[in-house]
Each structure stands twice: as C-alpha cells, then as structure tokens.
Amino acid sequence: MSDSRSTFPILGTAMWGWTVEKKICFDLLDTFYGRGFREVDAATNYPINRQPEDFRLSEKILQEWIAANGVKDLKIIMKVGSINNMRGPENNLSKSFLLMVLDEYQYLFSKNLSTLMIHWDNRQQVDEIRSSLEALKIAREAGLKVGLSGIKYPEVYATLNREFQFSFCIQIKHNLLHSDYARYAAFHKNADFLSYGINAGGLKLDPEAYHELSSLKARGGNIGEEHPIVEALNGALQKANQQLHIPRLSTFNHCGLIYAACHPDIQGILIGTSKVEQLKDTLSFMELIRQHDYSSFYQNLQQIAQLHATG
Ligand SMILES: NC(=O)c1ccc[n+]([C@@H]2O[C@H](COP(=O)([O-])OP(=O)(O)OC[C@H]3O[C@@H](n4cnc5c(N)ncnc54)[C@H](OP(=O)(O)O)[C@@H]3O)[C@@H](O)[C@H]2O)c1
C-alpha cells in the first residue's frame, strides 16, 4: 500500500517534439535531474501526433540530453510494441519483436534503461500473451523491471503471471474524470501502480490559463467550453483554502496530484509538465503533499469524481 508521503514523480515525455520544443525538454530535464529525481517515462510512439516524420522524436530528444550531459543514472521506463505514432491500435507484441526492441533500447540507453513495459494490448489470446511475457522474462533476467500499460484484459496477464511471477509496474490513467484502477482488479495490492493523465490531458480551472499550445487543444479537447467539474472544484477549493492548516490550492493540477497521491495503491505519478514553471510548481506541491494532511480534501475530491466520472 502506498503512502501519499512517499509518492514519487516520473517525468513524462508524451508531448516532447509536439507541443514541447527541444529546448524546453532540455530545461525540464535539467530542472528535474537537478532536484535529484531520476525516473523518466518514454514510449516508442511519442509524440503520438500522427506525423510520421516525428516517429520516435521524443526518445531522440532524451538520448541527446543524456549524451550532452554524460548521464548514467536515469531510470527510464520504455513502453514498447508500437510500430508508428498514428494513435491507432497497430502494434507488434510478438516475442521476436519485443526482443529486438529490448536489444535496441539497451544499446541506446545503456545503464539509464530501468523498465521495459508492454504498451497497449487489446489481445485476449493466452498463447500470444505468453510469448510476449517470455520476452519480458529475458528483460528481467537482464536486470530490468517489467511493466504493463493500456492492457484491455489484465486478468489474462494476471492468470499467466502465476507462471512468471513478475512484480509488475503498471501505468493507469487515474484522474477526477476517469480511472482505470478498477479494470486492473486482478493486480490490486500486488503491482506498483503509476498514474498518468492526472490533469485529464490539460484541463484548467481558469479559462484564461489556456494558451496557444494548450495540451488539451492539441489532443482534440474543447478548450472553449467549461467542463461541468470545474464549477464543483472551484467551490471545493474555495472552502479548502479557508482552512489554515493546509497550503493554498489553486489549480486542476493540484487537485489531480492530491487525487493520485492520496490513493492508497498508487506509488508514482507521471507528470506531463510543458513548462519549467509548471514542473517547479508540481514538484513543490508534491513536497507539500508529503508534509501536510490533505485527507479531508481528498474525500471531497472522491465525491466530486463520483459525480463527474465518465469511465
Ligand atoms: N501509459 C500510457 O498509455 C500513457 C498515456 C498518456 C500519458 N502517459 C505518460 O504520462 C505523462 C503525463 O500524461 P499527460 O500528459 O496525459 O498528463 P496530464 O497531467 O493529464 O496533462 C499534462 C498537461 O497538464 C497541464 N499541466 C501539467 N502540470 C501543470 C501545472 N503544474 N500547472 C498547470 N498545468 C499543468 C499542462 O497543460 P498545458 O501544456 O496545456 O499547459 C500539461 O501539458 C506523459 O507525458 C506520458 O509520459 C502514459
């Protein structure tokens, strides 16, 4: 079980080379690394902007920063299986393909590679999934952690895992509008859960905070229309800010961080900051969560989430 006082940040890279230009990615890495954090999340299909010429651009930016700084102690999670960045379900999770990408990422990231994770699996066929797990077994024997993300039938993996006995690291979308946690019931309390999408892809409480490159807009969201949850959250924040024993809360990001960090089974939070100021705000706020008791505000958030959940 996790404790909100120990939830750790993992730097996300999904928008690198898309809404986040290379110079900013370098600044984000400088700031994150400079503050002592080492966990970075990557995937073969980032950025998923449907521009074939950008396929694998995000990981290339990460490789350039590593080479420029001679870094050897990052802990990179690499999500694999994608064969393009078109946002579709096409992928290759065969044992031979996974072993080929394992080999390639060991070469490209060397000691900085910490976890190999299966990315997006809609399959149900036991034999096919077993052969993907055989590839993960080889990754584990090579000293890597193994993980899962975007798995349609987690229960098939859980049954097969009686054979493999992996300690999986699992990425789940978990925010005030949607949570994948229930779908992974077969892994509750026996995997390390990491939450992503805590801002629901870039939702803001203040409509003025949207900008030209807003992440929500780039992903096809409607920034011109206020989401119904915004009014409920603004009301809850106003009340919470009258309590003097907790530091002031102001953004959807603060709510999302508390909602993930106070979850009893979430160990890490994937942070998708697009600016250095956002990263600093997020890291400082995670420190406040470690120091203060936000449990009653968390209960308010749970009630609001129940009313507004879409999945
Ligand atoms: N496993 C998977 O399938 C999967 C799926 C999605 C993501 N991920 C990973 O999780 C990471 C995060 O996911 P996400 O981008 O969907 O996360 P998110 O937190 O829902 O959205 C990120 C956006 O929220 C806003 N934001 C973040 N921090 C903020 C702050 N301190 N103040 C104000 N606004 C803030 C920014 O929007 P603006 O840029 O508009 O300001 C930012 O681009 C990704 O980079 C990726 O590594 C994994």
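Keep in mind that the numbers below use all heavy atoms, side chains included, and drop hydrogens, waters and symmetry copies.
Residues Met286 and Phe193 share a single hydrophobic cluster, defined by chaining ILVMFWY side chains whose heavy atoms lie under 4.5 Å apart. Side-chain heavy atoms closer than 4.5 Å link hydrophobic residues (I, L, V, M, F, W, Y) into clusters, and following such links, possibly through other members, connects Leu203 to Ile271.
Taking 4.0 Å as the cut-off between side-chain N and carboxylate O, Glu134 and Arg130 do not count as a salt-bridged pair.
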Going through the checks in order, is the side chain to side chain contact (heavy atoms under 4.5 Å, CB included) test met by Trp120 and Leu93? CA-CA 9 Å; Trp120 296 356; Leu93 296 171; over 6 Å; no

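For Glu59, the salt bridge (charged side-chain N to carboxylate O under 4.0 Å, His left out) partners two or more places apart in sequence, or in a different chain, are Arg56.
Here the CG-CG distance, from Asp73 to Asn112, works out to 7.0 Å after rounding to the nearest 0.5 Å. Rounded to the nearest 0.5 angstrom, Asn199 CG and Asn253 CG are separated by 4.5 Å.
Phe164 and Phe166 have parallel rings, their planes meeting at less than 30° on a 0 to 90° scale where 60° marks the start of perpendicular. Ring geometry for Phe168 versus Phe187: interplanar angle over 60°, hence perpendicular rather than tilted (30 to 60°).
Counting heavy-atom neighbours within 6.0 Å of Lys204 NZ, excluding the residue itself, gives a total above 12.
Judged by distance alone, the side chain of Arg219 and the main-chain N or O of Gly201 form a donor-acceptor pair under 3.5 Å.
For His178 and Asp180, the side-chain atoms include at least one donor-acceptor pair closer than 3.5 Å.
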